[in-house]
Participant: 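Can you read through this structure? Questions will come right after.
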Amino acid sequence: YLFGRKKATEVAHVVWEQVIQKGDLVVDATCGNGNDTLAMLKMVLDDSDACGGHVYAMDIQKDAIESTSSLLDQTVGSKEKCVKLFNVCHSKMEEIVPENTRVRMVAFNLGYLPGGNKSIITVSETTLSALKAAERILMPGGLISVVVYIGHRGGREELQVVEAFGSGLPVNDWVCCKVQMLNRPLAPVLVFMFKREN
Ligand code: SAM
């Protein structure tokens, strides 16, 4: 069940499973070491050899792109071709997602690259631009998923920006909520923004 899982990302993955369908196109806005990309790929792939579904994954760090590529290589082999990796800032996601494409989910896992350079970190300004871009490209029935870490400097401010963004989305079109652990005050906060079907 949902909260039996220890990690915030695992809770997020359970929510994604309810939204993502085989054959979908989804965006990983912060691919890091590729764990989320891999989870998404498994959700969009159908049984055929061709790529029914796709993941577009991006990161500003070349190291992260390489790390994701190597994880996919080791785990999904030829299905790696169903993931497109981009070494860009997520605020530019509209430049890489083809126009008029139906995007089922845009997922953010904010903060720094685990095991990498902790000074390279998501920042409120580009996170907000990327959320706005995600809002524009998301299909009805889609999800913007954000895992926000508050234990590092700037984390709480970034959470405020994410929460303000979700709070401002029109109530007729969006269902926005957050999951916060009351007895683990430094645990990551999950923010989900579901775009209603028309
Ligand atoms: N999802 C990853 C995984 O499963 O391993 C973990 C992501 S890690 C917490 C955050 C990542 O965001 C880092 O790899 C960092 O380089 C990346 N990042 C920071 N600023 C970014 C930006 N403006 N655009 C895209 N990625 C960014």
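These numbers come from the heavy atoms of this one structure, side chains and all, not from hydrogens, waters or symmetry mates. Whatever order the structure lists them in is the order used to number ligands and atoms, beginning at 1. Residues: numbered from 1 along the sequence shown.
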Participant: So, is N33 polar-close to ligand 1, with some N/O to N/O distance under 3.5 Å?
Facilitator: yes

Participant: Any chance NZ of K7 has more than 12 other-residue heavy atoms, nucleotides or ligands included, within less than 6.0 Å?
Facilitator: no

Participant: Test V146 against I144 for side-chain contact (heavy atoms from CB on, under 4.5 Å), laying out the working first.
Facilitator: CA-CA 7 Å; V146 194; I144 300 174; 4.2 Å; yes

Participant: Output the list of atoms in ligand 1 that are nearer than 4.0 Å to some heavy atom of I60, sorted by atom number.
Facilitator: 18 (N), 19 (C), 20 (N), 21 (C), 22 (C), 23 (N), 24 (N), 25 (C), 26 (N), 27 (C)

Participant: When you measure from atom 24 (N) of ligand 1 to every protein heavy atom, which one gives the shortest distance, and what is it?
Facilitator: H90 N, 2.9 Å

Participant: In the protein, what heavy atom is nearest to atom 6 (C) of ligand 1, and what distance, to one decimal place, separates them?
Facilitator: N109 ND2, 3.8 Å

Participant: Would V76 and L41 count as a side-chain contact (heavy atoms from CB on, under 4.5 Å) if you check the C-alpha gap in whole Å, the side-chain angles of each, and the deciding distance to 0.1 Å?
Facilitator: CA-CA 9 Å; V76 294; L41 181 63; 3.7 Å; yes

Participant: Is there a polar contact, in the sense of an N or O pair closer than 3.5 Å, between D36 and ligand 1?
Facilitator: yes

Participant: Could you tell me, atom by atom, which parts of ligand 1 come under 4.0 Å of a heavy atom of C89?
Facilitator: 23 (N), 24 (N)

Participant: Students should be able to answer this: which protein heavy-atom is nearest to atom 19 (C) of ligand 1, and at what distance?
Facilitator: T122 CG2, 3.4 Å

Participant: Apply side-chain contact (heavy atoms from CB on, under 4.5 Å) to the pair Y112 and I120, showing each step before the final yes or no.
Facilitator: CA-CA 6 Å; Y112 53 80; I120 304 177; over 6 Å; no

Participant: Looking at atom 11 (C) of ligand 1, what's its closest protein heavy atom, distance included?
Facilitator: D59 OD2, 3.5 Å

Participant: With a 4.0 Å heavy-atom cut-off (strictly under), which part of T9 contacts ligand 1: side chain, backbone, both or neither?
Facilitator: neither

Participant: Under 4.0 Å from ligand 1, counting heavy atoms only, is it the side chain of V88, its backbone, both or neither?
Facilitator: backbone

Participant: Could you tell me whether D24 and R104 make a salt bridge, using a distance below 4.0 angstrom between a side-chain N and a carboxylate O?
Facilitator: yes

Participant: Using distance alone, with no hydrogens and no angle criterion, decide if T127 and E158 have a side-chain donor and acceptor under 3.5 Å apart.
Facilitator: yes

Participant: Considering the options V103, T101, V55, which one meets the side-chain contact (heavy atoms from CB on, under 4.5 Å) requirement together with V27?
Facilitator: V103

Participant: Just by distance, with hydrogens left out, do T37 and D28 show a side-chain donor and acceptor under 3.5 Å apart?
Facilitator: yes

Participant: Within the structure, does Y112 bring an N/O atom to less than 3.5 angstrom of an N/O atom in ligand 1?
Facilitator: no

Participant: Under a 4.0 angstrom heavy-atom cut-off, which atoms of ligand 1 come close to A29?
Facilitator: 25 (C), 26 (N)

Participant: Going by the atom numbers of ligand 1, which of them fall below 4.0 Å from some non-hydrogen atom of C31?
Facilitator: 1 (N), 2 (C), 3 (C), 5 (O)

Participant: Measure V123 to ligand 1 on non-hydrogen atoms and call it side chain, backbone, both or neither using the 4.0 Å cut-off.
Facilitator: neither

Participant: Compute the minimum heavy-atom distance from D63 to ligand 1 and say whether it is under 4.0 Å.
Facilitator: no

Participant: What are the atoms of ligand 1, with element, lying closer than 4.0 Å to any heavy atom of T30?
Facilitator: 1 (N), 2 (C), 6 (C), 7 (C), 11 (C), 12 (O)

Participant: Above 12 or not: heavy atoms from other molecules or residues under 6.0 Å from CZ of R196?
Facilitator: yes

Participant: If you count the atoms of ligand 1 from 1 in the order shown, which ones are under 4.0 Å from a heavy atom of G34?
Facilitator: 3 (C), 5 (O)

Participant: Between H13 and W16, what is the ring plane arrangement, given parallel below 30°, perpendicular above 60°, and tilted in between?
Facilitator: tilted

Participant: Between M93 and F86, is the side-chain contact (heavy atoms from CB on, under 4.5 Å) condition met? List the steps.
Facilitator: CA-CA 9 Å; M93 69 176 76; F86 302 90; over 6 Å; no

